[in-house]
Amino acid sequence: MTAKTLPGIENLPHAEGVDLTTLTSMATPGTARCVVTPPDAEALGRLLRSLAEAHEPFTLLGDGTNVIFTRTEVRSLIIRLGAGLAFIEPTEAPERLRVGAATPLAHVLNHALRHELAGFEWAVGIPGTIGGAVVGNAGTAGRGMGDLVVALEGFTRAGDPVALGRDDLRFEYRDSNVRHLVVTVVELALTPSERDAIRGRMEEARALRQRQPHGDRSSGCIFRNPPGDSAGRLIDEMGLKNTAVGQARVSPDHANFLVNDGDASPEDILGLIDLIRRRVADETGVHLQTEVILLDPDEESAS
Ligand code: EPU
């Protein structure tokens with residue numbers, strides 16, 4: 001089936017034969033058959049309903065900053081949210097913001113700073129979109145984006161509209177009960193605070209991040225922290241910093257980050273993840289769980 005025959009995409013911006021390195025921050029190589037970018041929520045809903053009617057599988061991708069493709073040829077459709085879903089709007093309550101899921105988290109932080117709204121200064125340096133950050137409850141030790149979310153809009157995968165309030169939402173360590181939804185809008189409850197105080201807390205958070213690799217092809221932390229411990233500390237203690245499998249390497253800066261030295265294949269990355277897990281399990285008895293999403297879009301959509 002060529003992209004031309006994929007249901008619902010004919011009048012939407014889409015690209016065929018897309019270079020996979022452009023879709024995730026880990027930049028694994030390969031090709032996606034088709035990536036479609038519905039410009040707004042209405043177009044997205046229509047697309048989802050067309051795909052559901054035709055039983056056509058798809059994978060939703062944000063900025064790909066916490067995702068690693070585990071295959072090089074992706075046949076199923078990839079959906080990314082378009083520019084109409086990148087917005088920050090005031091609400092009737094001055095400390096609440098309505099934010100489109102495709103908005104970069106960094107833009108929301110800057111907007112909050114300008115409007116003297118506080119609450120997630122700790123998130124400075126977290127890449128990706130607010131939608132991805134909320135769905136995966138991105139955060140630092142003990143804190144997550146979910147703490148701020150009071151309402152959320154989106155669609156089921158079949159294209160039915162969904163509106164959820166705080167009581168419907170569950171967030172836990174790097175996880176939520178809305179992963180199965182296509183989230184379009186989140187409403188954040190922030191706290192009024194002076195700009196200089198916010199800026200100060202942002203600087204502190206930025207300083208904490210200095211030890212993390214910058215500018216490398218990476219997906220942030222690979223493993224969840226085991227209860228009461230740090231995956232980075234454990235991996236470092238095993239002497240695994242700088243260990244490489246093919247073109248995938250344990251970052252010399254922070255041991256819970258893997259970096260792509262150039263052309264790391266999914267096999268290189270999975271091989272390195274496996275090596276780390278085995279070494280840590282053999283020597284400490286701790287079974288590390290991945291935090292990053294290892295994504296095989298074709299298998300995922302088939303299930
Ligand atoms: N440590 C080492 N060696 C290393 C890395 C860390 O000894 O190579 C030690 C540190 O010295 C420190 C402890 O481990 O005593 C914890 O390290 P760090 O403060 O860097 O925090 P982390 O637990 O490794 C968590 C999040 C990060 C987040 C930081 C911000 C997880 C898995 N990781 O890291 O999130 O940026 O806190 O403080 O929850 C991510 O989710 O992608 C991510 C990077």
Checking the side chain of [X] only, and the main-chain atoms of [Y] only, is there a donor and an acceptor separated by less than 3.5 Å?
X	Y	result
Asp40	Gly84	no
Arg209	Val124	yes
Arg249	Asn242	yes
Arg98	Val186	no
Glu153	Ala163	no
Thr290	Ile222	no
Ser218	Val259	no
Asp268	Ser265	yes
Asp147	Gly144	yes
Asp296	Thr70	no

query = Under 3.5 Å, is there a donor-acceptor pair between the Asp63 and Thr65 side chains?
reply =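 Distance-only check fails for Asp63 and Thr65.
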message = With salt bridge (Lys or Arg N to Asp or Glu O under 4.0 Å) as the criterion, how do Glu53 and Arg49 come out once you've worked through the C-alpha distance, each side chain's angles and the decisive distance to 0.1 Å?
response = CA-CA 6 Å; Glu53 259 168 43; Arg49 289 188 290 278; over 6 Å; no
request  = Assess whether side chain to side chain contact (heavy atoms under 4.5 Å, CB included) is satisfied between Ile276 and Val250, documenting all intermediate values.
outcome  = CA-CA 9 Å; Ile276 296 168; Val250 178; 3.8 Å; yes
Evaluate the side-chain proximity of [Y] to [X]: yes if any heavy-atom separation is below 4.5 Å, no if none is.
X	Y	value
Pro7	Leu51	yes
Ile79	Pro38	yes
His111	His107	no
Leu208	Glu204	no
Asp216	Asn260	no
Val183	Val134	no
Val108	Met145	no
Thr129	Arg80	no

key: The single option from Arg143, Arg201, Arg199 passing salt bridge (charged side-chain N to carboxylate O under 4.0 Å, His left out) against Glu121   =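 It is Arg201, the one option of Arg143, Arg201, Arg199 that forms the salt bridge (charged side-chain N to carboxylate O under 4.0 Å, His left out) with Glu121.
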message = Under the criterion side chain to side chain contact (heavy atoms under 4.5 Å, CB included), I'd like the reasoning laid out for Val162 against Val178: C-alpha separation, chi angles, the key distance, then a yes or no.
response = CA-CA 11 Å; Val162 180; Val178 289; over 6 Å; no
If you group Ile, Leu, Val, Met, Phe, Trp and Tyr by side-chain heavy-atom gaps below 4.5 Å, do [X] and [Y] land in one group?
X	Y	result
Val36	Val182	yes
Leu275	Ile68	yes
Phe87	Leu190	no
Val67	Ile126	no
Leu97	Leu164	yes

inquiry  = Please determine whether side chain to side chain contact (heavy atoms under 4.5 Å, CB included) holds for the pair Thr21 and Arg217, giving the CA-CA distance in whole Å, both sets of side-chain angles, and the decisive distance to 0.1 Å.
reply    = CA-CA 10 Å; Thr21 63; Arg217 291 174 234 198; 5.9 Å; no
Crowding at CD, Gln210 (>12 non-hydrogen neighbours, <6.0 Å) =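 Above 12, so yes.
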key: Verdict with reasoning, Val149 to Leu188, per side chain to side chain contact (heavy atoms under 4.5 Å, CB included)   = CA-CA 5 Å; Val149 181; Leu188 307 177; 3.9 Å; yes
query = Among Leu240, Asp236, Ile235, which one satisfies side-chain contact (heavy atoms from CB on, under 4.5 Å) with Met238?
reply =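 Only one of Leu240, Asp236, Ile235 forms a side-chain contact (heavy atoms from CB on, under 4.5 Å) with Met238, namely Leu240.
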Heavy-atom closest contact ([X] atom, [Y] atom, distance):
X	Y	value
Thr59	Pro297	OG1-CB, 3.3 Å
His254	Pro213	CB-CD, 4.1 Å
Arg174	Glu291	CD-OE2, 3.6 Å
Thr72	Pro266	CG2-CD, 3.9 Å
Gly82	Thr37	CA-CG2, 3.5 Å
Leu105	Ala133	CD2-CB, 4.3 Å

In Å, rounded to the nearest 0.5 Å, how long is the span from [atom1] of [X] to [atom2] of [Y]?
X	Y	atom1	atom2	answer
Asn137	Asn177	CG	CG	10.5 Å
Arg166	Leu152	CZ	CG	10.5 Å
Thr191	Leu117	OG1	CG	8.0 Å
Thr24	Ile293	OG1	CD1	12.0 Å
His14	Arg33	NE2	CZ	10.5 Å
Cys34	Leu6	SG	CG	5.5 Å

query = Ion pair present between Asp298 and Arg75, side-chain N to carboxylate O less than 4.0 angstrom?
reply =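 The answer is no: the pair does not qualify as a salt bridge.
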ask   = Would Arg211 count as a cation-pi partner of Phe257, with NZ or CZ less than 6.0 Å from the six-membered ring centre and within 45° of the ring normal?
value =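 Relative to the ring axis of Phe257, which defines the angle, Arg211 lies outside at least one limit.
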query = Which residue pairs satisfy the ring-ring contact (aromatic ring centres under 6.0 Å, His included) criterion with at least one member in residues 164-221, sequence neighbours excluded?
reply =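 For residues 164-221: none.
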